[in-house]
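Quick caveat: nothing in here was measured; it's all calculated off a predicted structure.
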Amino acid sequence: MNDSDSSAMMRAAQAAIDYRRATATAETTPAASYADIFAAFDAPLPEQGGDADAIIAELIERASPGIRASTGPRFYGWVIGGSHPAGVAADWLAAAWGQNAANVVAAPAASAVEAVAARWLLDLLGLPAEASVGFVTGATVANFVCLAAARSEVLRRAGWDVEGDGMFGAPPINVLIGADAHATVFSGLKYLGLGAKRVTTIATDGQGRMLPAAFEAALNVASGPVIAIAQAGQINSGASDPFAEIAPMARAAGAWLHVDGAFGLWAQAAPSRAHLTRGVELADSWATDGHKWLQTPYDSGFAIVRDAEAHRRAMAISASYLPPAAGSERDPSSYVPELSRRARGFATWAMIRQLGRDGVAEMVERCCRVATRIADRVGREPGITMILDPELNQAMFRFGDDDAATLATIQRVQDDAVAWIGGAQWRGQWVMRLSVSSSATTEHDADLTADAIVSAWRGVRKGESM
């Protein structure tokens, strides 16, 4: 490595540190538009290479104005964790070490650390110790992996080898799914040839929870292999399905129960919230994210499967040039669809080591308190309707009981840049949706955020221009 390469790495590290320090204390965090950043980078293909240090300096200068401050304490636009410095530092090392975490021989440290992090993760979330864990990009791929294992097992029970014979001529699989399921689950069904539209939709209550009676009725009429898909943490309301009621029903019917728990599964790690996911450990598979409430950097997700053999059967890759794992060794590629990938286990290990069981619980509970604090303050303002009492870390508001006023208030909050909050449709109406999921967010940030929302609404109500 030459001097320019060394300088480039040091420049990048210092710029990252400076950025995080500035973002942590910034009063406002505006970001330049896509068009502005595209214009800054738009140029013909370079004919010759350049100096590494100069290139990194150019990248920092041109990209920084358009970096959305999702690591800041008042970013609530989506359920995005704060990329904790400990996880970032571990991820820097993962990139510098350049390990392809596919094979235990190629990357022994990455494989071993992933094995330990997987064991810790299961303990932290209160899930079966015998379950297997695949370290994937996020909940989208985690859902896909778990549903692949589900497809493999329910068809195996029906006498069909889907890995060898594919889906042509396979027994039809019945898929039961709640009416308020997240879009990524449907993506997984599409990728697996199960069809995003060929599902039986289960009615839900006012917060998006599956109704047990409706679930039982659908099970009773389903014939052949069945995969049921529940969720922990509905993306708008934060509510979880009644696992303690539906899991025994699924088990009795021979159905595979999968849980999309991208963020809601982390209620398991917080004693004051664990009742919200009671019975979730009775399911057959679980998908969740690390880059949400565990605060790892992107990309980090976990595909967790009770039946490790079904998991490996659906995912394992073998070739003569890949040395097999021996004895108690663990090949990471046996649990994910990628043969080449970064060593995600290092950041996961670092974050669990940094926070510990108590730290994760405190963080989850604080985020939930912040969501409630903001909701209580904002909901007292005339003309603002709080949609549902926050059950977890999600809050929703409607302004003037009017779509246009609600969207205008959201835009004004974003333009003010004290906090960043987005919108969503809930039960056919536009709402402001607030997600609290960063370890950096405090009760003080809750007060600043509530004031910013109320101020924006008052400006919209008075017809004031920005």
Do Leu93 and Phe346 touch side chain to side chain, with heavy atoms closer than 4.5 Å? no

Side-chain heavy-atom pair Tyr76, Thr441 within 4.5 angstrom cut-off: yes

To the nearest 0.5 Å, tell me how far Arg74 CZ sits from Thr442 OG1. 8.5 Å

Under 4.0 Å between a side-chain nitrogen and a carboxylate oxygen: does that hold for Arg306 and Glu153? no

Measure the CD-CH2 distance between Gln425 and Trp430 for me, rounded to the nearest 0.5 Å. 5.0 Å

Between Thr23 and Ile67, is the side chain to side chain contact (heavy atoms under 4.5 Å, CB included) condition met? List the steps. CA-CA 11 Å; Thr23 303; Ile67 300 299; over 6 Å; no

To the nearest 0.5 Å, what is the distance between SG on Cys146 and CH2 on Trp256? 8.0 Å

Could you check whether any side-chain N or O of Arg156 sits under 3.5 Å from a backbone N or O of Ala310, counting only pairs where one atom can act as donor and the other as acceptor? no

Smallest separation among heavy atoms of Gly134 and His311, with atom names: N-CE1, 3.7 Å

Taking NZ, NE, NH1 and NH2 as the nitrogens, is one of them in Arg209 or Glu391 under 4.0 Å from a carboxylate oxygen of the other? yes

Under 30°, 30 to 60°, or over 60°: which ring-plane class applies to Tyr298 and His291, parallel, tilted or perpendicular? parallel

Please check this pair: side chain of Ser240 against backbone of Gly233, looking for a donor-acceptor N/O pair closer than 3.5 Å. yes

Can you check whether Asp445's main-chain N or O pairs, donor with acceptor, with Thr449's side chain at less than 3.5 Å? yes

Report yes or no: does Ser437 contribute a side-chain atom to a donor-acceptor pair with the main-chain N or O of Ile80 at less than 3.5 Å? yes

Criterion side chain to side chain contact (heavy atoms under 4.5 Å, CB included) on Trp160 and Asp165, from CA distance to verdict: CA-CA 8 Å; Trp160 188 266; Asp165 298 326; 3.8 Å; yes

Close side-chain approach of Trp266 and Thr277, heavy atoms under 4.5 Å: no

Side-chain contact, heavy-atom cut-off 4.5 Å: Arg341 with Pro332? yes

Note: Glu443-Arg373 ion pair, threshold 4.0 Å (strictly below): no

Minimum-distance pair of heavy atoms, taken over all atoms of Asp289 and Ala139: OD1-N, 2.7 Å

Would you say that more than 12 heavy atoms from the other residues, nucleotides or ligands in this model lie under 6.0 Å from the CZ of Arg353, or not? no

Just wondering, more than 12 heavy atoms not from Arg278 lying within 6.0 Å of its CZ? no

Smallest separation among heavy atoms of Ser438 and Arg366, with atom names: O-NH1, 4.3 Å

Do the ring planes of Trp420 and Phe75 sit parallel (below 30°), tilted (30 to 60°) or perpendicular (above 60°)? parallel

Straight-line distance of Arg313 CZ to Asp161 CG, nearest 0.5 Å: 8.5 Å

What pair of heavy atoms forms the shortest contact from Arg342 to Ala101, and how long is it? O-CB, 3.9 Å

Look at the side chain of Gln394 and the backbone N and O of Ile235, then say whether any donor-acceptor pair between them is shorter than 3.5 Å. yes

When you measure from the side chain of Trp457 to the backbone N and O of Pro382, does any donor-acceptor pair fall under 3.5 Å? yes

Member of Val113, Thr296, Asp91, Thr137 meeting the side chain to side chain contact (heavy atoms under 4.5 Å, CB included) criterion with Arg344: Thr137

Heavy-atom side-chain proximity of Ser435 to Trp78 below 4.5 angstrom: no

Answer yes or no: is there a side-chain heavy-atom contact under 4.5 Å between Met315 and Val145? yes

Test side chain to side chain contact (heavy atoms under 4.5 Å, CB included) on Val185 and Gln231 and set out the steps. CA-CA 10 Å; Val185 178; Gln231 67 178 337; over 6 Å; no

For the residue pair Tyr191 and Phe144, categorise the inter-ring angle as parallel (less than 30°), tilted (30 to 60°) or perpendicular (more than 60°). perpendicular

Is the shortest heavy-atom distance from the side chain of Met167 to the side chain of Val162 under 4.5 Å? yes

Taking CG in Asp447 as the centre, count heavy atoms belonging to other residues, nucleotides or ligands within less than 6.0 Å. Is the count above 12? yes

Interatomic spacing from CD in Gln295 to OG1 in Thr71 - rounded to 0.5 Å: 10.5 Å

Before giving the answer on side-chain hydrogen bond (donor to acceptor under 3.5 Å, both in side chains), spell out for His182 and Thr184 the whole-Å C-alpha distance, their side-chain angles and the decisive distance to 0.1 Å. CA-CA 6 Å; His182 193 269; Thr184 58; 3.0 Å; yes

Any ion pair linking Asp180 and Arg427 (charged N to carboxylate O, less than 4.0 Å)? yes

Glu163 to Ala314 - nearest heavy-atom pair and separation: OE2-CA, 3.7 Å

Where the side chain of Arg151 meets the backbone of Leu192, is there a donor-acceptor pair that is under 3.5 Å apart? yes

Between Asn393 (side chain only) and Cys367 (backbone N and O only), is there a donor and an acceptor less than 3.5 Å apart? no

So Gln234 and Trp426, do their side chains get closer than 4.5 Å, heavy atoms only? yes

Please report the shortest heavy-atom distance between Ile410 and Ile421, naming the atom on each side. CG2-O, 3.6 Å

Any chance you could lay out the side chain to side chain contact (heavy atoms under 4.5 Å, CB included) test for Asp403 and Arg398, step after step, and finish with the verdict? CA-CA 8 Å; Asp403 279 357; Arg398 187 162 165 81; 2.7 Å; yes

Which value, rounded to the nearest 0.5 Å, describes the distance between Ile177 atom CD1 and Ile202 atom CD1? 9.5 Å

Say whether, by atom type as modelled, one donor and one acceptor occur between the side chain of Thr288 and the main chain of Ala262 under 3.5 angstrom. yes

Is Asp331 reaching over with its side chain to a backbone N or O of Val104, donor-acceptor style, under 3.5 angstrom? yes

